[in-house]
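Remarks on the structure that follows.
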Amino acid sequence: MCSNTAKGAEELSRLVNTGCKLVGCGSAVPSLRVTNNDLAKFIDTNDEWISTRTGIRNRRVLSGKENLTDLAIEAAQKALEMAEVDPKDVDLILMCSSSGDDRFGSAPVIQKALGCKHNPLAFDITAACSGFLLGLFSASCYIKAGGLKNVLVVGADAVSRFVDWTDRGSCILFGDAAGAVLVQACDIGEDGLFGFDLHSDGDGKRHLMSTFKENETDDASSENPSMTSFPPKCSSYSYLQMNGKEIFKFAVRVVPQSIEAALEKAGLAGSNNFDWLLLHQANQRIIDGVATRLEVPSERVISNVANYGNTSAASIPLALDEAVRGGKVQPGHVIAAAGFGAGLTWASAIFRWG
């Protein structure tokens, strides 16, 4: 009994003194680049109209034999290479996506493709544009409370699959991509995940959704009046439906509040206590609006929405990877990040790179 008590106390001490940090990142995008001028060939729009309202000039879209899982695998491999971590040492893979190749999830496929040994747990998280930060929060919990060492967080989406390409109000916004980070356990003194703020509001679901629907086909049950709803009809999901004005108002209202709350939890209240503002790349007007409310100058805002559009759960890790590999984000820099979108959900995280 004394031995078991001692072991329990030792394990508790280890967990209490465990932190986690981001040590690697990677990203991948489809080969097909679709410009605003390309869109103008089949919908009533033009480059100026799109760029002045959204800041977007290009987006990448899956085509041919490309698929989202392959993008996620490529991004994950790059993150592991940067972190110098062997796939066999990965303890958990979190695939954050709302548009995967398999409705039952793609994380185990990523695990297999990477060559992870010992069958580490791999599962999907569905939270649209907030998904990556919820994955980051989950990774920190598994490390700090579950004793894991290396957790791979992947954000990947192909929203182009659910966009009505005749609706100029929505199709101009979205692109496809994948991004990943490797979160690693460390001593508490090196802890690089400082604070989170997470929320959802189901009342706002009506402003951004892609809902389940039954296809309009012949009803086999009509031949048997006693079976009016069986067997079920073939089903699918509707095009993405979005109230852009409401989403804009929602984002510029809740995101600054959420970042400020996360900064306070991290003991870093104030916009001068972090180096970079990294928001979900939904729309440049939203990014600018949030930065203005937080009094963060444009030179401290990370943005690549012009080149990729809104890539949902991939947008934050994609922008982070470009900023790291481009030399903008350096080891030791503190980043205030926030995601927001369907659900409605929103989340903020304060973390240090490297």
Side-chain angles (χ1 to χ4, degrees), residues 26-72 74-75 78 97-99 101 128-129 132 155-179 208 210 239-245 247-248 251 278-291 298 301-326 328 339-342:
S27 62
V29 297
S31 58
L32 177 62
R33 182 171 69 101
V34 179
T35 69
N36 291 344
N37 289 328
D38 290 330
L39 295 179
K41 294 175 182 178
F42 61 90
I43 58 173
D44 182 18
T45 191
N46 57 67
D47 178 66
E48 182 183 7
W49 190 91
I50 297 173
S51 60
T52 56
R53 287 166 174 77
T54 68
I56 300 168
R57 293 190 177 275
N58 305 285
R59 70 282 298 146
R60 299 296 184 96
V61 176
L62 289 172
S63 63
K65 295 183 179 180
E66 293 177 326
N67 64 67
L68 188 63
T69 305
D70 286 345
L71 291 184
E74 181 182 345
K78 290 177 179 178
S97 179
S98 300
S99 54
D101 295 326
C129 305
F132 175 75
D157 266 310
V159 183
S160 67
R161 294 169 169 170
F162 302 102
V163 165
D164 180 355
W165 288 97
T166 66
D167 175 16
R168 74 168 188 170
S170 61
C171 75
I172 63 173
L173 298 172
F174 296 97
D176 307 332
L208 181 53
S210 175
Y239 285 132
L240 181 146
Q241 303 164 56
M242 182 178 67
N243 184 328
K245 291 182 179 180
I247 294 299
F248 178 87
L278 172 55
L279 303 180
H280 162 51
Q281 305 289 293
N283 182 312
Q284 190 61 48
R285 290 176 62 200
I286 293 177
I287 295 171
D288 292 342
V290 172
S298 60
V301 178
I302 296 173
S303 175
N304 66 356
V305 69
N307 294 323
Y308 302 105
N310 180 342
T311 58
S312 193
S315 75
I316 291 177
L318 171 63
L320 174 65
D321 185 49
E322 283 200 341
V324 169
R325 294 178 186 274
K328 180 178 290 186
F340 50 90

Quiz item: Cation-pi between R285 and F248: NZ/CZ under 6.0 Å from ring centre and within 45° of the ring axis?
Solution: yes

Quiz prompt | Residue list, salt bridge (Lys or Arg N to Asp or Glu O under 4.0 Å) with D288, at least two apart or on another chain | solution = none

Quiz item: So do the side chains of H280 and F340 get within less than 4.5 Å of each other, counting heavy atoms only?
Solution: yes

Exercise. Any pair with a residue in residues 159-177 that passes salt bridge (Lys or Arg N to Asp or Glu O under 4.0 Å), sequence neighbours left out, goes on the list, sorted by first then second residue, please.
Key: D101-R161

Self-check item: For K245, salt bridge (Lys or Arg N to Asp or Glu O under 4.0 Å) partners two or more places apart
Solution: none

Practice problem: Report yes if the side chains of R33 and V61 come closer than 4.5 Å at any heavy-atom pair, otherwise no. | Solution: no

Self-check item: Worked verdict on S98 versus D157 for side chain to side chain contact (heavy atoms under 4.5 Å, CB included)
Solution: CA-CA 6 Å; S98 300; D157 266 310; 4.0 Å; yes

Practice problem: Check whether any side-chain heavy atom of L318 sits under 4.5 Å from a side-chain heavy atom of N304, and report yes or no. | Solution: yes

Exercise. Could you walk me through whether W165 and L39 pass side chain to side chain contact (heavy atoms under 4.5 Å, CB included), step by step?
Key: CA-CA 9 Å; W165 288 97; L39 295 179; 3.8 Å; yes

Quiz prompt | Partners passing salt bridge (Lys or Arg N to Asp or Glu O under 4.0 Å) against E322 (at least two apart in sequence or in another chain) | solution = none

Exercise. May I have the step-by-step check of side chain to side chain contact (heavy atoms under 4.5 Å, CB included) for T166 and C171, ending in yes or no?
Key: CA-CA 7 Å; T166 66; C171 75; over 6 Å; no

Self-check item: Partners meeting side-chain hydrogen bond (donor to acceptor under 3.5 Å, both in side chains) with D47 (sequence neighbours left out)
Solution: N36, R57

Self-check item: For R325, salt bridge (Lys or Arg N to Asp or Glu O under 4.0 Å) partners two or more places apart
Solution: D321

